[in-house]
Amino acid sequence: MHIGLVGLGRMGSNMRTRLRAAGVEVTGYDPNPDVSDVKSLDEMVAALPTPRTVWVMVPAGTITDSVVTDLELRLDAGDLVIDGGNSKFTDDFRHNEMLEKKGIDYIDAGVSGGVWGLDNGYGLMVGGPEEQVQRVMPVFDALRPEGPRDEGFVHAGEVGAGHYAKMVHNGIEYALMQAYAEGFELLEKRSDLLKDVPGTFKAWQRGTVVRSWLLELLVRALDEDDDLSEIEGYVEDSGEGRWTIEEAIVNAVPVPTISASIFARFVSRQEDSPAMKAVAALRHQFGGHDVKKSDD
């Protein structure tokens, strides 16, 4: 199988490597010539066998809109576009409607795994027609973790369902990180009593009910900086948490824990706190997100 991949940043380049290792041929395009396989989007499209499949892996919003529009001008009926970025599910409706007029198929794919996906595989949540999902299943199988397909991949529903599932996934992620972060701050506060905060988190990795991959990443962050003094407690939010709350309001679903985690991030932009240092460290560990270095 041969696909095109637009966007060769942190995740896109790792996905290209994982796909090639599984025998999927990839022609990647990126505006950065140092990482791109071809010089232009036109050259990428020309290199693909028909019907073409193009995976878009660029930042959500206007950049994704621009790439999908550019592809609509270059692709033909029967071709397929997959948006694997963190687009809002309502954007999928617009993109699908635009491409459908030309007979171009569309799939939305929520992708989780961050910078670790190259080695561990990516959790995939997909929305779109069954026929098109099956058509590119070799791609999904190459990207997902080893093991049973249904433990790392779901065809969640029609167009928009994949990004909707990823939105809720990220809302849950916000809340989980906040819980670990608040625990970190409380343990740090009682340093007169508790002498080994990093060791306490490390001891929770096996046998406890709070063990998880996020916990492992927090332990990794504490191994690198045992009191997180090297970073500021400043945390951005990339959108999915806000969208989750918006959907909860529209559907009258109470999400107090996720809501509180979002507002806690806003607090981080006003004052430095140990809890927000922990959240910043976690985001850097799983996604490679930038952190602000402490002036101290």
Side-chain angles (χ1 to χ4, degrees), residues 1-87 91-92 95 98-99 102-124 126 128 132-146 153 162-163 166 287-290:
M1 190 164 193
H2 186 176
I3 72 166
L5 178 59
V6 181
L8 299 169
R10 278 191 297 252
M11 283 188 68
S13 60
N14 282 347
M15 290 169 68
R16 175 177 61 179
T17 300
R18 187 173 176 90
L19 287 166
R20 285 175 173 171
V24 177
E25 188 173 353
V26 181
T27 299
Y29 169 70
D30 192 277
N32 178 1
D34 293 335
V35 298
S36 188
D37 298 323
V38 291
K39 296 179 180 179
S40 67
L41 198 61
D42 287 322
E43 190 174 337
M44 184 203 75
V45 170
L48 300 177
T50 56
R52 306 174 187 88
T53 297
V54 179
W55 187 300
V56 178
M57 204 67 192
V58 299
T62 55
I63 297 178
T64 296
D65 287 342
S66 176
V67 171
V68 172
T69 299
D70 287 343
L71 288 172
E72 187 269 339
L73 297 173
R74 291 164 171 79
L75 298 180
D76 301 315
D79 291 343
L80 171 65
V81 172
I82 304 171
D83 178 8
N86 278 329
S87 294
D91 291 345
D92 295 318
H95 296 155
M98 178 179 69
L99 296 172
K102 196 173 175 180
I104 301 169
D105 293 300
Y106 181 83
I107 288 175
D108 59 289
V111 181
S112 180
V115 295
W116 297 86
L118 173 59
D119 295 325
N120 298 341
Y122 301 89
L124 301 171
V126 171
Q132 299 307 320
V133 172
Q134 290 302 320
R135 165 180 160 185
V136 290
M137 191 58 75
V139 174
F140 297 136
D141 280 341
L143 289 172
R144 66 175 176 82
E146 294 181 7
F153 169 89
H163 280 144
K166 180 58 163 44
H289 300 290
D290 292 335

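Below, all heavy atoms of this structure are taken into account, side chains as well, without hydrogens, waters or symmetry copies. Along the sequence shown, residues carry numbers from 1.
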**Student:** Anything under 3.5 Å between a donor and an acceptor, one on a side chain of residues 25-33, the other on a protein residue two or more places apart or in another chain? List them.
**Tutor:**
residue	atom	partner	partner atom	Å
Thr27	OG1	His2	NE2	2.8
Asp30	OD1	Asn32	N	2.8
Asp30	OD2	Leu8	N	2.7
Asn32	OD1	Asp34	N	3.0

**Student:** Roughly how far, to the nearest 0.5 Å, is CH2 of Trp116 from CE of Met11?
**Tutor:** 14.0 Å
**Student:** Just one of Ile82, Leu80, Leu99 clears the side chain to side chain contact (heavy atoms under 4.5 Å, CB included) bar with Tyr106, so which one?
**Tutor:** Leu99
**Student:** Going by salt bridge (Lys or Arg N to Asp or Glu O under 4.0 Å), name the residues that satisfy it together with Asp141, two or more places apart in sequence or in a different chain.
**Tutor:** Arg144, Arg149
**Student:** Search all heavy atoms of Gly85 against all heavy atoms of Asp83 and return the closest pair with its distance.
**Tutor:** N-OD1, 3.0 Å
**Student:** Can you list every salt bridge (Lys or Arg N to Asp or Glu O under 4.0 Å) pair that touches residues 104-119, not counting sequence neighbours?
**Tutor:**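 Matches after skipping sequence neighbours: none remain.
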**Student:** According to side-chain hydrogen bond (donor to acceptor under 3.5 Å, both in side chains), who are the partners of Gln134, at least two apart in sequence or on a separate chain?
**Tutor:** Glu130
**Student:** In chain order, what residues pass the side-chain hydrogen bond (donor to acceptor under 3.5 Å, both in side chains) check against Ser13, with sequence neighbours excluded?
**Tutor:** none
**Student:** Within the side chain of Glu43, is there an N or O that forms a donor-acceptor pair under 3.5 Å with the backbone of Lys39?
**Tutor:**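 Side chain of Glu43 to backbone of Lys39, a donor-acceptor pair under 3.5 Å: yes, one is there.
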**Student:** What's the shortest heavy-atom distance between His95 and Asp65, and which atoms?
**Tutor:** NE2-OD1, 2.6 Å
**Student:** CE/Met57 to OG1/Thr64 distance, rounded to the nearest 0.5 angstrom?
**Tutor:** 9.5 Å
**Student:** Verify the distance criterion only: is there a donor paired with an acceptor across the side chains of Ser87 and Asp91 at less than 3.5 Å?
**Tutor:** no
**Student:** Give, for atom CG of Asn120 and atom OG of Ser112, the distance between the pair rounded to the nearest 0.5 Å.
**Tutor:** 11.0 Å
**Student:** Checking Lys102 against Asp79 for the salt bridge (Lys or Arg N to Asp or Glu O under 4.0 Å) test, could you report, in this order, the C-alpha distance in whole Å, the side-chain angles of both residues, the deciding distance, and whether it holds?
**Tutor:** CA-CA 10 Å; Lys102 196 173 175 180; Asp79 291 343; over 6 Å; no
**Student:** Within the structure provided, determine whether Phe140 and Val133 are in side-chain contact (heavy-atom separation under 4.5 Å).
**Tutor:**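 Answer yes - side chains close enough.
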**Student:** Which heavy-atom pair separates Leu19 from Ala142 by the least distance, and what is that distance?
**Tutor:**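 Looking at all heavy atoms of both residues, the shortest contact is CD2-CB, 3.8 Å.
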**Student:** Can you see which heavy atom on Val45 is nearest to which on Arg74, and at what distance?
**Tutor:** CG1-O, 3.9 Å
**Student:** Within the 4.5 Å heavy-atom criterion, are Met15 and Arg18 side-chain neighbours or not?
**Tutor:** no
**Student:** Among Thr53, Asp92, Val136, which residue meets the side chain to side chain contact (heavy atoms under 4.5 Å, CB included) test with Ile107?
**Tutor:** Val136
**Student:** Using a 4.5 Å cut-off on heavy atoms from C-beta on, say whether the side chain of Ile3 contacts that of Val54.
**Tutor:**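 Side chain of Val54 against side chain of Ile3, heavy atoms only: no contact under 4.5 Å found.
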**Student:** Report the residues that fulfil salt bridge (Lys or Arg N to Asp or Glu O under 4.0 Å) with Asp76, sequence neighbours left out, ordered by chain and then residue number.
**Tutor:**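 Salt bridge (Lys or Arg N to Asp or Glu O under 4.0 Å) check on Asp76 returns Arg52.
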**Student:** Of the non-hydrogen atoms in Leu5 and Met44, which two are nearest, and what is the gap between them?
**Tutor:**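 Reported closest heavy-atom pair: N-SD, 3.9 Å.
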**Student:** Given side chains that start at C-beta, do those of Asn14 and Tyr122 come closer than 4.5 Å, heavy atoms only?
**Tutor:** yes
**Student:** A side-chain contact here means heavy atoms from C-beta on lying under 4.5 Å apart; do Trp55 and Val6 qualify?
**Tutor:**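 Side chain of Trp55 against side chain of Val6, heavy atoms only: no contact under 4.5 Å found.
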**Student:** Any idea which heavy atoms bring Gly78 and Pro51 closest together, and the distance?
**Tutor:**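 Closest heavy-atom pair between Gly78 and Pro51: O-CB, 3.2 Å.
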